[in-house]
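Accompanying notes for the structure given below.
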Protein chains: 2
Amino acid sequence: MIDKNKGKKDFTNFLREHGQRLTNERSVVLNRILSCTGHFDPDSLYLQIRQTGLKVSRASVYRTLNLLHKSGFISIVRKTEKGTIYECVYGIKHHDHMHCNECGKVIEFYSEELEKLQEKICEKQGFKGQSHTLEIRGYCAKCKKNMK
Amino acid sequence: MIDKNKGKKDFTNFLREHGQRLTNERSVVLNRILSCTGHFDPDSLYLQIRQTGLKVSRASVYRTLNLLHKSGFISIVRKTEKGTIYECVYGIKHHDHMHCNECGKVIEFYSEELEKLQEKICEKQGFKGQSHTLEIRGYCAKCKKNMK
DNA sequence: TTGTTATTGAGACTCATTCTCAATTAATAT
DNA sequence: ATATTAATTGAGAATGAGTCTCAATAACAA
């Protein structure tokens with residue numbers, strides 16, 4: 001389970017280092033995303049927050065998401081026509097995605113071997129890898145079967 | 001070198017299969033992207049076309065880019081705040097990208113080993129991989145050195 | 001408490017992309 | 001060729017995610 005207090009502390013530290021403050025609004029957004037399982041988009045997040053009776057403006061939601069992204073609490077899964085999809089990665093093991101072109105299902109996976117190989121490839125180029133995004137598109141087991 | 005005639009033929013076939021036609025406008029856009037080396041964005045492409053004296057509306061450029069994307073002639077490199085960046089991949093060997101967070105440099109690379117490993121990972125999930133995008137972010141050799 | 005500075009919210013604004021629809025053009029049938 | 005039918009185009013309006021403005025407010029330091 002995610003330690004929300006630690007999250008709050010870590011985020012506060014990040015803000016401090018940048019001469020910024022932990023406000024109520026930021027705290028509300030942080031709490032919300034730390035409870036998120038799975039992917040989310042800014043507007044749903046905004047609506048969820050409103051539904052709980054708390055008041056944070058859309059502008060602040062966007063502003064806070066940018067901060068959370070910079071500080072590494074959340075990462076961008078993909079950008080679609082309808083906007084950006086995020087996921088919370090704080091305290092969560094890194095993973096990559098498979099995306100079914102047919103039903104839209106997203107499979108998360110992790111491979112130590114893959115990570116190692118990427119490091120090796122970076123070294124060969126003199127590149128210092130810091131993070132990466134890998135999305136494999138194709139057809140999930142179910143859709144593959146349905147297609148004959 | 002890319003065979004533009006073959007490109008035209010292949011694109012026409014794709015269109016036919018979807019009950020669509022190869023118009024002058026589409027042909028102009030196709031030609032332009034087949035001459036593109038490197039990455040490009042829709043608006044620059046539009047301006048380039050206008051500069052050569054040819055007339056294709058912005059709307060048609062966007063519409064054609066969508067078709068070229070669906071038919072696999074071009075792929076999306078990344079979506080930025082300023083819009084989508086494409087690259088022509090027709091007749092070009094698949095590759096992945098490293099992106100320097102400091103200077104913005106993009107390094108293209110290809111690893112057979114990486115491709116194989118991904119296939120293996122897909123199989124394990126019963127997933128049928130069709131394409132993928134891998135972007136490694138970090139620091140290029142030069143910037144790495146400058147940061148000491 | 002007070003002063004200083006960051007932050008907020010409402011709504012205006014931006015800008016990439018899509019949509020509208022009358023006019024045009026490609027492919028096909030006559 | 002010519003008519004018929006359906007796809008396509010262009011100009012500009014519309015859309016919509018995300019950002020910006022700025023006066024009012026809240027957080028922090030002394």
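Sequence lines set the chain letters: A, B, ... in the order given, protein chains first and strands last, and positions in each chain run from 1. Just so it is clear, the structure is predicted and the values come from calculations on it, not from any experiment.
- Checking B/Glu87 against B/His39 by side-chain atom types alone, a donor-acceptor pair falls below 3.5 Å.
- Checking the phosphate oxygens (OP1, OP2) of C/dT7, no side-chain nitrogen or oxygen of A/Ser60 falls inside 4.0 Å.
- Between C/dT7 and A/Asn24, no contact under 4.0 Å exists linking OP1 or OP2 to a side-chain N or O.
- Counting any heavy atom pair closer than 4.0 Å across all strands shown, A/Asp41 reaches no nucleic acid atom.
- One interatomic measurement links the two molecules: CG of A/Leu15 to C1' of C/dT7, which rounds to 11 Å at whole-angstrom precision.
- The CG-P distance, from A/Leu47 to D/dA17, rounds to 11 Å in whole Å.
- Aromatic pair B/Phe14/B/His18: ring centres closer than 6.0 Å.
- A centroid separation of 6.0 Å or more is found between the aromatic rings of A/Tyr139 and B/Phe127.
- By the 6.0 Å contact criterion, CZ on B/Arg50 is enclosed, its count of non-hydrogen atoms from other residues, nucleotides or ligands being greater than 12.
- For B/His97 and A/His132, the distance between ring centers is not under 6.0 angstrom.
- In this structure, the NZ atom of B/Lys79 is 8 Å from the P atom of C/dT17, given to the nearest Å.
- Between A/Arg63 and D/dT19 there is no side-chain polar atom (N or O) within less than 4.0 angstrom of OP1 or OP2.
- The phosphate of C/dA16 (OP1 or OP2) has no side-chain N or O of B/Thr84 nearer than 4.0 angstrom.
- In this entry the distance linking CZ of A/Arg16 with C1' of C/dT5 reads 15 Å, nearest Å.
- Spacing between atom CZ of B/Arg78 and atom P of C/dA16 amounts to 17 Å, rounded to whole angstrom units.
- Put simply, NZ on B/Lys55 is 22 Å from P on D/dT8, counting in whole angstrom units.
- Comparing C/dA6, C/dT25, C/dC19 against the side chain of B/Arg21 picks out C/dT25 as the nearest.
- Nearer the 5' end of DNA chain D, as judged by each residue's closest nucleotide, is the contact made by B/Glu25, out of B/Glu25 and B/Glu81.
- Listed nucleotides C/dT8, D/dT9, C/dA6 differ in distance to B/Arg26; the shortest reach to its side chain belongs to D/dT9.
- Rounded to whole angstrom, the span from the CG atom of B/Asp43 across to the C1' atom of C/dT14 amounts to 14 Å.
- Atom-to-atom, CG of B/Leu30 to C1' of D/dT8 comes out at 17 Å; the value is rounded to the nearest Å.
- Side-chain proximity of A/Tyr62 to the nucleotides D/dA17, D/dC20, D/dA27 is greatest for D/dA17.
- Mapping A/Leu67 and A/Ala59 onto DNA chain C via the closest heavy atom, the residue that lands nearer the 5' end is A/Leu67.
- Relative to the side chain of A/Thr23, the nucleotides D/dG10, D/dA27, C/dG9 differ in distance, and D/dA27 lies closest.
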